[in-house]
Amino acid sequence: MEVKKKMRQILDVLQDEKKLSEDEKILFAWSLAATPEQRWQRSQTVLRSLNWFARSKRKKSRSC
C-alpha cells in the first residue's frame, strides 16, 4: 500500500482523538505509515544529526 494512502487512512482514524493536536496526528500517522526501511532511514538521519551514529571505537587496553 502506498504510504500517503495509508497515512490518510490512519489520519481518518485519529480524527476523533481529542488529546492530540493536529500536528501530532499528522506526525503520528506519518510514523505509522512508514515501512520498516523508511523508519530505519529516518532513525539514522536523526542519529547522524545528533552525531550519535558513529561506530564505537574500541579502546586499546594498556598492559604494563
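Computed from a prediction, not measured in an experiment: that's the story for all the values here.
Q38 pairs by the side-chain hydrogen bond (donor to acceptor under 3.5 Å, both in side chains) definition with T35, not counting sequence neighbours. Applying the side-chain hydrogen bond (donor to acceptor under 3.5 Å, both in side chains) test to E24 and every residue at least two apart in sequence or in another chain returns S21. Remark: S49 engages no residue in a side-chain hydrogen bond (donor to acceptor under 3.5 Å, both in side chains) (not counting sequence neighbours).
Inter-residue side-chain proximity for E37 and R42 is flagged as unmet; no heavy-atom pair is nearer than 4.5 Å. Inter-residue side-chain proximity for Q9 and M7 is flagged as unmet; no heavy-atom pair is nearer than 4.5 Å.
Side chain of K25 to backbone of L11: no donor-acceptor contact under 3.5 angstrom is found.
Hydrophobic clustering of Ile, Leu, Val, Met, Phe, Trp and Tyr side chains at less than 4.5 Å, counting indirect connections, keeps V3 apart from I10.
Taking CG from L32 and CG from L14, the interatomic distance works out to 7.5 Å, rounded to the nearest 0.5 Å. Here the CD-CZ distance, from E2 to R8, works out to 7.0 Å after rounding to the nearest 0.5 Å. Here L47 contributes atom CG and W40 contributes atom CH2; the two are 7.0 Å apart, rounded to the nearest 0.5 Å.
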